[in-house]
Amino acid sequence: MEKLIEQIIELEWEFFQSTNNEGGTASCQEDHQTFVIMRGAQFSCFSRELLQSWLRDLQRAKEEGRNLIAEKYARMMESTAPERYRELAPYLIQHNAERLAITEEIIKIQVEWLMECQERYPAIIAKARPIHTSEDTPYDTSAETYLRGELGTYSDETLLCYGRYVVSLKKEGQNLNEMICEKEVKSYGYLSLDDAEKQEADPISVSMSTDK
């Protein structure tokens, strides 16, 4: 699993570095350590099947000359910068109604998970991204919008694999976002989420927001 995650992060970082940011290179594009911690926390909570599928997507995209990180940000602009999104939309793969419905069902579950995290760890969540798309601004992207953008870059196979995984966790009473958040705070030296909450940890990604 470790080698698989390393391969994924290496490719994502390559795409991230070549993503054009209005106003020049963003500070987060120079922070490799944080990128590795945040993405690594997320991927360490994924199944092997899901990791393998996403790695194939990244490798295929590279061969085709596509940048999935840039596409993710472009998709997020549908909510945060609609005029700019209309300019970029013709260059993005357009998904059918069935796929969009699956995506929204996944998002619904994860937004519920984030709201559960907010109830349990209010100090941590208060310093992370806003949860709902309705809270988007041109300068602040919500976790919901971020996830919608990320899922939009997945192949159909990866999206279905991700959906099955999310549903399986929900049936088991697990919270993927909490699992990822736990990995993140431990990477920064906290003993647990409870420990980080007590110390009012600095902002973290809380999943669905693992790069800027």
Side-chain angles (χ1 to χ4, degrees), residues 12 16 26 28 31 34-35 37-46 50 54 69 71-82 84-85 95 99-154 159 162-163 165-188 190 192-212:
E12 285 199 344
F16 192 41
C28 55
D31 191 352
T34 298
F35 187 90
I37 288 173
M38 296 303 183
R39 297 307 275 176
Q42 177 172 330
F43 296 137
S44 67
C45 296
F46 281 10
L50 179 53
W54 178 231
I69 300 297
E71 289 183 19
K72 172 171 63 178
Y73 290 126
R75 290 181 182 279
M76 289 190 282
M77 288 180 189
E78 184 174 11
S79 175
T80 61
R84 179 60 176 149
Y85 174 76
H95 301 308
R99 174 175 168 131
L100 292 174
I102 293 170
T103 299
E104 292 306 312
E105 286 300 312
I106 293 170
I107 292 170
K108 180 180 177 182
I109 292 172
Q110 293 207 243
V111 166
E112 289 173 356
W113 279 340
L114 272 175
M115 292 176 70
E116 289 175 10
C117 289
Q118 187 177 54
E119 290 181 7
R120 294 173 189 161
Y121 311 106
I124 294 175
I125 302 301
K127 296 178 180 179
R129 291 178 184 267
I131 294 175
H132 300 96
T133 292
S134 59
E135 301 172 88
D136 283 342
T137 73
Y139 311 102
D140 205 359
T141 305
S142 66
E144 178 182 353
T145 294
Y146 184 98
L147 178 61
R148 189 172 287 114
E150 182 146 296
L151 295 182
T153 67
Y154 286 3
L159 181 71
Y162 187 87
Y165 184 59
V166 165
V167 169
S168 70
L169 290 176
K170 183 175 174 62
K171 287 180 178 178
E172 294 169 2
Q174 297 189 65
N175 180 325
L176 177 59
N177 294 83
E178 184 174 337
M179 291 161 57
I180 295 170
C181 190
E182 182 95 28
K183 294 278 188 180
E184 289 169 355
V185 297
K186 286 183 176 179
S187 294
Y188 283 105
Y190 296 98
S192 64
L193 278 171
D194 288 327
D195 180 42
E197 177 70 15
K198 288 175 185 176
Q199 298 188 49
E200 297 189 358
D202 287 337
I204 53 175
S205 75
V206 197
S207 182
M208 293 166 44
S209 49
T210 45
D211 48 43
K212 300 296 181 186

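Along the sequence shown, residues carry numbers from 1. Heavy-atom basis, side chains included; hydrogens, waters and symmetry copies ignored.
Across every non-hydrogen atom of Cys45 and Lys183, the tightest pair is SG-CG, 3.8 Å. Nearest heavy atom pair, residue Glu144 against residue His132, reads OE1-CA, 3.5 Å. Closest approach of Tyr85 to Arg75, counting heavy atoms only: CE1-CA, 4.1 Å. The heavy-atom pair separating Glu184 from Ala41 by the smallest distance is CG-CB, 3.4 Å. In terms of heavy-atom proximity, Asp195 sits nearest to Tyr190 at OD2-CA, 3.5 Å. The minimum heavy-atom distance between Cys117 and Asn177, with the atom names listed, is SG-C, 4.3 Å.
Remark: Leu147 CG to Thr141 OG1 distance equals 13.0 Å, nearest 0.5 Å. Expressed to the nearest 0.5 Å, how far OG of Ser44 lies from CE of Met179 amounts to 8.0 Å. Rounding to the nearest 0.5 Å places CD1 of Ile69 at 7.0 Å from OG1 of Thr153. Between atom CG of residue Leu151 and atom CG of residue Leu100 there is a gap of 11.0 Å, rounded to the nearest 0.5 Å. Here CD1 of Ile131 is found 6.5 Å from CD1 of Ile125. Values are rounded to the nearest 0.5 Å. The distance from the CG atom of Asn175 to the CD1 atom of Ile109 is 11.0 Å, given to the nearest 0.5 Å.
Looking at Glu104 and Arg148, a side-chain N of the basic residue comes within less than 4.0 Å of a carboxylate O on the acidic one, giving a salt bridge.
Ring-plane geometry between Trp54 and Tyr154 is classed as tilted, the angle between the planes lying from 30 to 60 degrees on a 0 to 90 degree scale. Ring geometry, Phe35 versus Phe16: the interplanar angle falls under 30°, so the pair is classed parallel (tilted spans 30 to 60°).
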> After noting the C-alpha distance and the side-chain angles of Asp140 and Glu135, does the key distance pass the side chain to side chain contact (heavy atoms under 4.5 Å, CB included) rule?
Replying inline: CA-CA 8 Å; Asp140 205 359; Glu135 301 172 88; over 6 Å; no
> Checking side chain to side chain contact (heavy atoms under 4.5 Å, CB included) for the pair Ile102/Tyr162: CA distance, chi angles, key distance, verdict?
Replying inline: CA-CA 10 Å; Ile102 293 170; Tyr162 187 87; over 6 Å; no
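A heavy-atom distance below 4.5 Å is found between the side chains of Ile106 and Leu159.
Listed by first and then second residue, the salt bridge (Lys or Arg N to Asp or Glu O under 4.0 Å) pairs involving residues 165-182 are Glu112-Lys170, Arg120-Glu178, Glu182-Lys186 (not counting sequence neighbours).
Note: Phe43 and Phe46 meet the aromatic proximity criterion, with ring centroids under 6.0 Å apart.
Side-chain N or O atoms of Ser79 include none that pairs as donor or acceptor with a backbone N or O of Met76 at under 3.5 Å. Asp136 places no side-chain N or O within donor-acceptor distance of the main-chain N or O of Thr80, the cut-off being under 3.5 Å.
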